[in-house]
Amino acid sequence: MTELLTNAPSVQHSLSVPGDKSISHRAVILGSIAEGQSRVKGFLFGEDCIATINVMRQLGVPITIDSETNEVIIEGRGLTGLQASTQLLDCGNSGTTMRLLSGLLAGQAFKSQLIGDASLNKRPMARVMNPLISMGANIEGYQGSELPPLTIQPVEALTAIRYEMPVASAQVKSAILLAALQADGETEVIEQAVSRNHTEEMLQLFGVDLKVEGKHIKLNGGQTLKGQTIEVPGDISSAAYFLAAGLLLADTELKIENVGLNETRSGILEVIQAMGGQLEVQPRANGISADITVRSSRLKATVIEGELIPRLIDELPIIALMATQAEGVTLIKDAAELKVKETDRVVAVADQLNALGAEVTATADGWEIKGGSQLREAAVKSYGDHRIGMMLQIAALLVKAGRVDLEDATCVNISYPEFFETVQAIWGA
Ligand code: S3P
């Protein structure tokens with residue numbers, strides 16, 4: 001049990017958040033299969049992205065960290081230069097590592113086995129297995145199931161497909177695109193709703209000719225990637241905790257510097273505006289990030305649904321906390337994907353916020369949240385899910401009296417190892 005900081009004093013503070021998790025994973029994967037060296041600045045050294053580095057090293061890619069600049073330096077091996085690993089490839093807690101690498105490894109000339117921790121072992125893999133099998137891949141789940149560990153056997157060749165995605169998932173889309181690079185012909189992926197587009201953007205940066213028309217993405221196999229320097233901006237999903245804190249706490253102003261601003265990720269900013277939050281976004285000259293300032297606000301309820309959901313999927317737990325403090329009843333729909341994240345986030349958020357005195361009803365695909373709750377002391381748990389753990393710490397800041405104890409606080413290391421230090425630096429005595 002970790003005692004969380006409660007009853008936050010009013011502050012005016014600037015901070016920055018660690019590098020974007022999705023971009024960091026992709027930089028290592030694409031750097032590994034590129035020709036020549038790639039350098040990654042602002043890489044997120046969280047457990048998930050470190051798992052990706054370790055797996056790529058196991059596949060024979062030299063990856064070093066510059067101890068002065070913290071840049072990750074990748075000596076790319078090209079698409080056909082990876083080597084078989086004699087060991088199991090451990091993806092830890094990271095769905096992104098397992099799903100993206102299943103697409104890459106499906107086209108390689110050797111056998112691979114991808115394993116994960118207890119949480120990842122429960123996450124659905126049929127969503128990547130099915131399209132990859134249609135491309136000719138030989139991929140199997142544990143004992144014939146659609147769950148990890150995954151065993152991938154080499155095949156003669158992969159063939160291009162036209163695939164209409166049944167779920168909005170950037171991980172599935174990316175797995176198909178990584179397989180498509182190794183397939184004969186043109187692959188077309190059609191998204192159900194636009195999901196984060198970092199793979200498409202980074203493939204283009206690495207010199208791949210990839211066409212995006214609305215929800216259609218087209219890519220020809222057999223293209224070569226060229227090593228690049230990548231600047232990873234701060235992760236908006238990590239910034240989200242401080243955006244919420246700045247809005248919810250009294251007499252507070254927080255400025256979060258260098259937050260990645262990508263249209264496929266910025267749904268939370270639209271929600272803050274719809275809820276009447278005071279928000280200022282100052283774009284930086286680099287064209288990829290912004291400094292975002294939030295101030296204490298009286299929030300009002302909103303409805304969040306449809307194509308907005310994939311653009312804020314990882315922020316929904318902290319948005320749920322915002323809704324507990326807003327005026328009126330907030331409805332969050334079309335978010336059944338939350339049930340298959342690191343834990344069932346629909347249940348976890350409702351149970352833990354209710355333990356703190358909120359009024360959250362879990363539905364089949366989201367929540368109905370009655371606003372205006374005064375949060376109170378409780379013992380809560382993260383279920384080992386980083387995003388639940390961080391949301392609960394921000395909730396605890398709103399608790400005026402008594403203690404909030406969190407079971408399994410170390411899970412924040414998955415995406416934000418410095419999270420508690422930053423909270424302490426802003427609100428601690
Ligand atoms: C991610 C995609 C999303 C997101 C996850 C990271 C990615 O998952 O929730 O944290 O980097 O591609 P889905 O593809 O399952 O929606």
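Atoms within each ligand, like the ligands themselves, are counted from 1 in listed order.
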| said: So for ligand 1, is Arg196 a polar contact partner (N or O within less than 3.5 Å, distance only)? | reply: no

| query | Would you say ligand 1 has an N or O under 3.5 Å from any N or O of Ile313? | reply | no

Using a 4.0 Å cut-off to any heavy atom of [X], which atoms of ligand 1 qualify?
X	answer
Thr96	1 (C), 6 (C), 7 (C), 11 (O)
Ala170	12 (O), 14 (O)
Asp314	4 (C), 5 (C), 9 (O), 10 (O)
Lys21	10 (O)

| Mode of His198 contact toward ligand 1 - side chain, backbone, both, neither (heavy atoms, under 4.0 Å) | neither

| Proximity of Lys173 to ligand 1 by residue part, where a heavy atom lies under 4.0 Å | neither

Can a donor-acceptor pair be found between the side chains of [X] and [Y] at a distance below 3.5 Å?
X	Y	answer
Gln108	Ser112	no
Thr264	Arg196	no
Asp184	Thr159	no

| Donor-acceptor under 3.5 Å (Gln223 side chain, Asp209 main chain) | yes

| task | Determine, considering heavy atoms only, which of Arg26, Arg123, His25, Arg127 sits nearest to atom 7 (C) of ligand 1. | result | Arg26

| message | Can you check which of Gln171, Arg345, Lys341 brings a heavy atom nearest to atom 16 (O) of ligand 1? | response | Lys341

| said: Tell me whether Glu140 at atom CD has more than 12 heavy atoms from other residues, nucleotides or ligands lying less than 6.0 Å away. | reply: no

| request: Among all protein heavy atoms, pick the one closest to atom 14 (O) of ligand 1 and tell me residue, atom and distance. | output: Ser169 OG, 2.6 Å

| message | Among all protein heavy atoms in this structure, tell me which lies nearest to atom 11 (O) of ligand 1, with the distance rounded to 0.1 Å. | response | Ser22 OG, 2.7 Å

| query | Does Arg284 come within less than 4.0 Å of Asp291, counting only side-chain N to carboxylate O? | reply | yes

| query | Are Arg387 and Glu315 within salt-bridge range, i.e. N to O under 4.0 Å? | reply | no

| said: Given Lys215, which partner from the list Glu307, Glu200, Glu188 fulfils the salt bridge (charged side-chain N to carboxylate O under 4.0 Å, His left out) test? | reply: Glu307

